[in-house]
Amino acid sequence: PPPVRLEPGLPPREPGRPGRRVRTVRPRDLHDLGVVLIYREDDRLLDRGVLKPEWITGGVYALINSHEAAQCRGMVRFDQVCSILSPLGYDTRSARYVLNIMRRFELCFSFEGEDRFFIPDLIVKEEPDTGSWDHGVRFLFQFSVLPGAVISRLIVRLHRLISNRTFWRQGAVLALDDERLLLVALPQQSAIIAYVASVAGVSSPLLQIVRKEVADVAATIAGIQLDE
């Protein structure tokens, strides 16, 4: 068969074979087939436009399953990420790229201005003291089934609103202006509960942000039904 080139446009003529066209394949077609992955639309991933999935998943799994990351309770510095991935052939630039991939797929986050990264699946399980929410409005998100990835992705999506770094594997305390919100996952009940401390009650702008993010995450997971 003719050689394959990853390039747009009309097939060029094969050198030395003037009557024969080189077979071309659009990179996006290979992306759709799962042969390669293309992230040219993401500014964080522009330096490596075309990738093999195995290269990405190898780095991601190495970090998530790392004993060192688990010992740090899911909070790793960039130099630790490099030391975890270096034995597997990932240089410093590649390690940064793997982290950006994890950010894109909501597997980790970092607070602005910091070079520490939090992996929600590895952070502490124990709920810290979050104070009393007896007088708050209780809002229930009931799922037909609640995969652990839902609350993890919500923590990543909402991390800029986390109050005083108060978060754990199953929840977080959020704040916006004078409003506060406690978000807690209840896996055995397939539910997430939001306790809202706001004079606005269910009309709270912070709650509306959370409702939108919960709905958006649920919409990306096949077979999940969400009732409020």
Side-chain angles (χ1 to χ4, degrees), residues 63-64 66-77 80 99 102-103 105-221 224-228:
L63 277 180
I64 291 177
S66 163
H67 176 71
E68 182 176 352
Q71 288 294 102
C72 296
R73 296 190 169 189
M75 184 191 73
V76 291
R77 302 184 311 273
Q80 292 176 300
L99 283 171
M102 292 178 67
R103 283 175 170 177
F105 288 99
E106 299 168 356
L107 297 173
C108 77
F109 69 91
S110 62
F111 290 107
E112 187 174 356
E114 293 190 7
D115 214 22
R116 294 186 301 171
F117 300 85
F118 296 87
I119 304 172
D121 282 345
L122 300 179
I123 59 180
V124 294
K125 294 181 180 180
E126 299 78 16
E127 179 178 349
D129 182 7
T130 62
S132 174
W133 296 85
D134 294 340
H135 301 293
V137 175
R138 180 177 179 270
F139 195 91
L140 178 67
F141 301 94
Q142 185 65 58
F143 294 79
S144 54
V145 61
L146 182 62
V150 173
I151 190 63
S152 296
R153 290 176 60 190
L154 285 172
I155 291 173
V156 173
R157 285 179 171 228
L158 296 165
H159 75 270
R160 292 180 180 83
L161 297 173
I162 291 177
S163 175
N164 298 321
R165 307 292 175 94
T166 308
F167 63 98
W168 63 103
R169 197 173 301 184
Q170 297 296 341
V173 175
L174 311 177
L176 179 65
D177 299 328
D178 295 329
E179 299 183 342
R180 296 177 73 242
L181 184 149
L182 172 65
L183 193 68
V184 182
L186 303 174
Q188 294 183 339
Q189 286 82 23
S190 296
I192 292 177
I193 296 180
Y195 296 92
V196 188
S198 169
V199 294
V202 293
S203 300
S204 155
L206 182 54
L207 178 59
Q208 300 313 309
I209 292 172
V210 171
R211 290 178 65 185
K212 180 182 183 304
E213 296 296 351
V214 171
D216 287 350
V217 169
T220 66
I221 304 176
I224 284 185
Q225 293 183 347
L226 169 63
D227 293 316
E228 295 183 348

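Quantities reported herein were computed from a predicted structural model and do not represent experimental measurements.
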With rounding to the nearest 0.5 angstrom, report the [atom1] to [atom2] distance, [X] to [Y].
| X | Y | atom1 | atom2 | answer |
| --- | --- | --- | --- | --- |
| Ile123 | Met75 | CD1 | CE | 11.5 Å |
| Asp216 | Arg157 | CG | CZ | 5.5 Å |
| Leu181 | Ile193 | CG | CD1 | 11.5 Å |
| Leu122 | Gln71 | CG | CD | 11.0 Å |
| Leu183 | Ile155 | CG | CD1 | 8.0 Å |
| Ile151 | Ile192 | CD1 | CD1 | 4.5 Å |

Which pair of heavy atoms, one from [X] and one from [Y], lies closest together, and at what distance?
| X | Y | result |
| --- | --- | --- |
| Phe118 | Pro120 | O-CD, 3.4 Å |
| Leu226 | Ala215 | CD2-CA, 4.0 Å |
| Cys108 | Ile119 | CB-CG1, 4.2 Å |

So which pairs with a foot in residues 161-190 pass salt bridge (charged side-chain N to carboxylate O under 4.0 Å, His left out), sequence neighbours left out? Glu114-Arg165
If the condition is side-chain hydrogen bond (donor to acceptor under 3.5 Å, both in side chains), which residues does Arg138 pass it with, not counting sequence neighbours?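 side-chain hydrogen bond (donor to acceptor under 3.5 Å, both in side chains) check on Arg138 returns nothing, list empty.
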Sequence neighbours excluded, the answer for side-chain hydrogen bond (donor to acceptor under 3.5 Å, both in side chains) partners of Ser190 is none
Measure up the His159 and Phe109 rings against each other and bin them: parallel (under 30°), tilted (30 to 60°), perpendicular (over 60°).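 Taking Phe109 first and then His159, their aromatic rings lie parallel (interplane angle under 30°).
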Would you please test Arg153 and Ile221 for side-chain contact (heavy atoms from CB on, under 4.5 Å) and show each step? CA-CA 12 Å; Arg153 290 176 60 190; Ile221 304 176; 4.0 Å; yes
Look only at the side chain of Gln225 and the backbone of Val145, and say whether a donor-acceptor pair between them is shorter than 3.5 Å.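 Checked: no pair found.
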For Arg116, does its backbone N or O pair with a side-chain atom of Gln80 as donor and acceptor, under 3.5 Å?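 Absent.
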Is the CD atom of Glu126 crowded by more than 12 outside heavy atoms at less than 6.0 Å?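 Yes, the 6.0 Å shell around CD holds more than 12 heavy atoms from other groups.
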Above 12 or not: heavy atoms from other molecules or residues under 6.0 Å from CZ of Arg73? no
Quick one: does [X]'s side chain get under 4.5 Å of [Y]'s, heavy atoms only?
| X | Y | answer |
| --- | --- | --- |
| Glu228 | Val214 | no |
| Leu158 | Phe167 | no |
| Leu107 | Val156 | no |
| Glu127 | Gln170 | no |
| Arg103 | Phe117 | yes |
| Val173 | Ile162 | no |
| Leu99 | Leu63 | yes |

Partner of Ser204 under side-chain contact (heavy atoms from CB on, under 4.5 Å), chosen from Val196, Ile209, Val210, Val199: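 Checked Val196, Ile209, Val210, Val199 against Ser204; only one passes side-chain contact (heavy atoms from CB on, under 4.5 Å): Val196.
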For the rings on Phe139 and Phe141, is their centre-to-centre separation under 6.0 Å? yes
